[in-house]
Engineer: 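There's a structure below that I have some questions on.
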Amino acid sequence: MVKLEEKKTDDGKLGNDRKNGSVEQESNRSTPSKDIEQSKKIFRLFDYVQFHVDSIKTENNEVLQRNKKYSLPGEKFKMTFKLSKCDIKLVRTLMNCHGFTQCSTKRLDVNFIWTAGPYKLQCMRMLKPWQRLNQFPRSLELTRKDKMCDNIARMQRVFPKNYNFIPKFYVLPRDAEKFRLCTEEMQANGSGDAQAKLFIVKPCNSSRGQGIFFASQYSDVPPDSPLLVSRYLNRPYLIDGHKFDLRIYVAVTSFYPLVTYVFYDGLTRLASAKYDPSSSHRDEFVHLTNYSINKNNKQFIRNESMATEDLGHKWTLGAFLRYMEREGKDPKLLMLRIEDVIIKSLLSVQGKIASICRTALPYPGTNFELFGFDILVDENLKPWLLEVNLSSSMACDAPLDSLVKSQLMVDLLNLACIPLIDRKITEKIGVQTLPANVEDNVSDIERTPEREIEIPVDDGQTIKINRPIGVRRVVKGKRNGKIPIRNSALELKIEGVMRKVKFEKERKGNFIRIFPRPYSFDLYEKVMEGIDKHALDERLFLEEFGESKSPVEESLEDLAIKYHHAILHADQFPTFDSLPSSLRKIIDSWYAEAAHYVERITKEGEIYAAKLPIIRATARLRTRSCSDWYDLRRANILAKRNAKDAGGQDANKENSLPHAATADVPLHKIDSSASAQPAADSKI
Ligand SMILES: Nc1ncnc2c1ncn2[C@@H]1O[C@H](COP(=O)(O)OP(=O)(O)OP(=O)(O)O)[C@@H](O)[C@H]1O
């Protein structure tokens, strides 16, 4: 029986779960008719799956058993997911705790797909409106270092004063000649300041600090390799004398119109040796802040504490902002500057991604993406963008990682709005789907203006459910053209995005929506490329905020110029109070919202699990082929370990699948997709 109850928080107040479309349920064994009752109630109350961080807060299996309340809806509706090109424990655990069944990578009809590598375009084209995928097509434009720099440089050429937030760069081998001239010119000028001449060189497609080196002259760099050479920012802001960078988590739920959110917490990664600008650039523990590099330093201090956010060489973002505050700086203004860098970076690829989305994504709202922005803050508190990470690491190898990333992932999954819908029912009642990239008008589809649709259930009755994004009801027998054609498929798509944005507002948890928001379109319009005649960014903005009026005598255009100047010149405008007062009036609400970034993620008196829970075998729902893949993987690991124990030199060669015989797995169990799933999360 499902017992519906108002959720009470610890302080006795009513929780907001009901508002968010979720209720707590206690489950016991049920009969089929009771199941239908349950489904009805669940249908009525759940638009989308509601994820709860409490579901993974414990390592205790007994408590997990009681947490069946979290898994019941997923189990009832036979929700499914797959992990493609990764095996991220955090995503798997959360999905398991919410009753999703894991399927093999070959399955196409799963409700949720998490991929850590580029997802095939032809597979994206087959996405159904009830499916969700954590990637947009062509997002490599942002996440490959050289492409990102090229895109931002293109915007710099169009809007010369407004996109100055990446260090000067050269993409080799293409820009080898320019780089040579630059280094020669620097030598000729001979300022004598060796530091100012330095370049940092990175492979275009690498991560975790691999292959990074420094150069001060042309001959230091192999000119034919695909490398990104950037000016070294040698005056960073320091935390207790250490260089650091920030990992900011950014969710995008639509590229056109742009809808983007920043998670209120993130990570601060400190170099493990004190910064000394005159120290040798070979000393990577001084100049690089990557965790993967610094953890090899004997001086590296892991933050093993569950409640301290500023211990050792990895802090939370909030801990750094509070440190800044204690130093008399303005952390909220820094966050506004970082938000500006994020919006402009996304705008620099908006046109390219929007054009591919038009053809590759048949329905609105199916895709979303989480990006990890790496930001370096200089001594003037100006943020510089170093790179944007695709599927940034979700590895939880310290309690702090667990805490930040599990809350982040829960909020992200809620933002993704995964429809809680049993496909068997939708197929039975003929809910059909409309490819939105068909540009002609559609005569046999009536747009149901209401949010709810009616569907029959097994006992002959009908129930109403909230219509999932993009799913429309076919009105039978009305094909004679008498129904007024209300809208083109494009209009339906736009309507879908607008509707999803409204849902996201209620489901964003600890994400702060940075675009659109009050005055955002007015301030950014002048630094945006026109995408097409539909002007969707403007439409979305007007839909939500209406026509803006300047609250001061100056026009919004003048204020936009002031805004971009002030936001990019941290040296001239170090605090909010130093900004022109007319500008402050416009971005006052943004500044107030930025207070969320400074909050602690750990709360007084709360207990945090140091690790992700180990899920009971019975709750680890998997399809047969998926279980086979895990069996195979386990056998693979075991075989490697045995080979290593036996002192076998061959252990390192065994990167591919084991022979079935070695692994003691029958041949039929070898799934060709298995090799597509890497063994572990990548680490930051
Ligand atoms: N232009 C620069 N000026 C100063 N320091 C830099 C610059 N670019 C990179 N760094 C330093 O080098 C580190 C690694 O750079 P970057 O993040 O671009 O490489 P990566 O290999 O992709 O790392 P990851 O995948 O961990 O983010 C940064 O964390 C930063 O400390």
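This is a predicted model, so every value here is computed, not measured. What you see below is based on every heavy atom in this structure, not just the backbone, and it leaves out hydrogens, waters and symmetry mates. Just follow the structure's listing: the first ligand is 1, and inside any ligand the first atom is 1.
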Engineer: Is D240 salt-bridged to K274, cutoff N-O under 4.0 Å?
Structural biologist: no
Engineer: Give the atoms of ligand 1, by number and element, whose distance to some non-hydrogen atom of D245 is under 4.0 Å.
Structural biologist: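 What qualifies from ligand 1 is 28 (C), 29 (O).
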Engineer: Verify, without hydrogens or angle tests, whether H565 (side chain) and I561 (backbone) share a donor-acceptor contact under 3.5 angstrom.
Structural biologist: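 Not a single qualifying donor-acceptor pair exists.
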Engineer: Hey, would you say the Y264 and F511 ring centroids sit under 6.0 Å apart?
Structural biologist: no
Engineer: Salt bridge or not for R174 and D150, using N-O below 4.0 Å?
Structural biologist: yes
Engineer: Report yes or no: is the cationic atom of K178 (NZ for Lys, CZ for Arg) closer than 6.0 Å to the six-membered ring centre of Y170, at no more than 45° off its axis?
Structural biologist: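 Geometry flag: not set, cation outside 6.0 Å or 45°.
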Engineer: So is K526 actually on top of F159's ring, under 6.0 Å and inside 45° of the axis?
Structural biologist: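 Not satisfied by the 6.0 Å and 45° rule.
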Engineer: Once side chain to side chain contact (heavy atoms under 4.5 Å, CB included) is applied, do any residues pair with A153, and if so which ones, sequence neighbours excluded?
Structural biologist: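 Once residues adjacent in sequence are excluded, the partners of A153 under the side chain to side chain contact (heavy atoms under 4.5 Å, CB included) criterion are Q156, R157, F169.
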Engineer: Show me which atoms of ligand 1 lie under 4.0 Å from any heavy atom of P167.
Structural biologist: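 Those of ligand 1 that fall under 4.0 Å from P167 are 1 (N).
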Engineer: Examine the proximity of ligand 1 to N389 and report which part, side chain or backbone, both or neither, has a heavy atom under 4.0 Å away.
Structural biologist: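 Looking at N389 and ligand 1, just side chain atoms fall under 4.0 Å.
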Engineer: Taking the basic N atoms (NZ, or NE/NH1/NH2) and the acidic carboxylate oxygens, is any pair closer than 4.0 Å for D401 and K405?
Structural biologist: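 A salt bridge is present here (some side-chain N lies under 4.0 Å from a carboxylate O).
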Engineer: For the 3.5 Å polar cut-off, considering only N or O atoms, please tell me whether R231 and ligand 1 meet it.
Structural biologist: yes
Engineer: Mark up the atoms of ligand 1 that fall under 4.0 Å of a heavy atom belonging to R247, in ascending order.
Structural biologist: 27 (O)
Engineer: For ligand 1, which atoms, with element, lie under 4.0 Å from some heavy atom of I200?
Structural biologist: 1 (N), 2 (C), 6 (C), 7 (C), 8 (N), 9 (C), 10 (N), 12 (O)
Engineer: Does ligand 1 come near enough to L233 that some N or O of the ligand is less than 3.5 Å from an N or O of the residue?
Structural biologist: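 Among all N and O atoms of L233, at least one is under 3.5 Å from an N or O of ligand 1.
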Engineer: Residues two or more places apart in sequence or in another chain: which of them pass salt bridge (charged side-chain N to carboxylate O under 4.0 Å, His left out) with D340?
Structural biologist: K344
Engineer: Could you tell me whether S230 and ligand 1 have an N or O pair separated by under 3.5 Å?
Structural biologist: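 Looking only at distances, the answer is no, because the N/O contact criterion of under 3.5 Å is not met.
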Engineer: Check ligand 1 against I212 and write out every atom of the ligand that is under 4.0 Å from a heavy-atom position of the residue.
Structural biologist: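 Numbered from 1, ligand 1 contributes 14 (C), 15 (O), 19 (O), 21 (O).
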Engineer: Using a 4.0 Å heavy-atom cut-off, say whether K202 meets ligand 1 through its side chain, its backbone, both or neither.
Structural biologist: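 Looking at K202 and ligand 1, just side chain atoms fall under 4.0 Å.
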Engineer: Suppose I only count heavy atoms of R269 and a 4.0 Å limit; which atoms of ligand 1 are within that range?
Structural biologist: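 Counting atoms of ligand 1 from 1, those under 4.0 Å from R269 are 26 (O), 27 (O).
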Engineer: Using a 4.0 Å cut-off to any heavy atom of K145, which atoms of ligand 1 qualify?
Structural biologist: 18 (O), 19 (O), 20 (P), 22 (O)
Engineer: On a heavy-atom basis, I'd like to know which of L288, L270, D374, L386 is closest to atom 12 (O) of ligand 1.
Structural biologist: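 Nearest heavy atom to atom 12 (O) of ligand 1 lies in L288.
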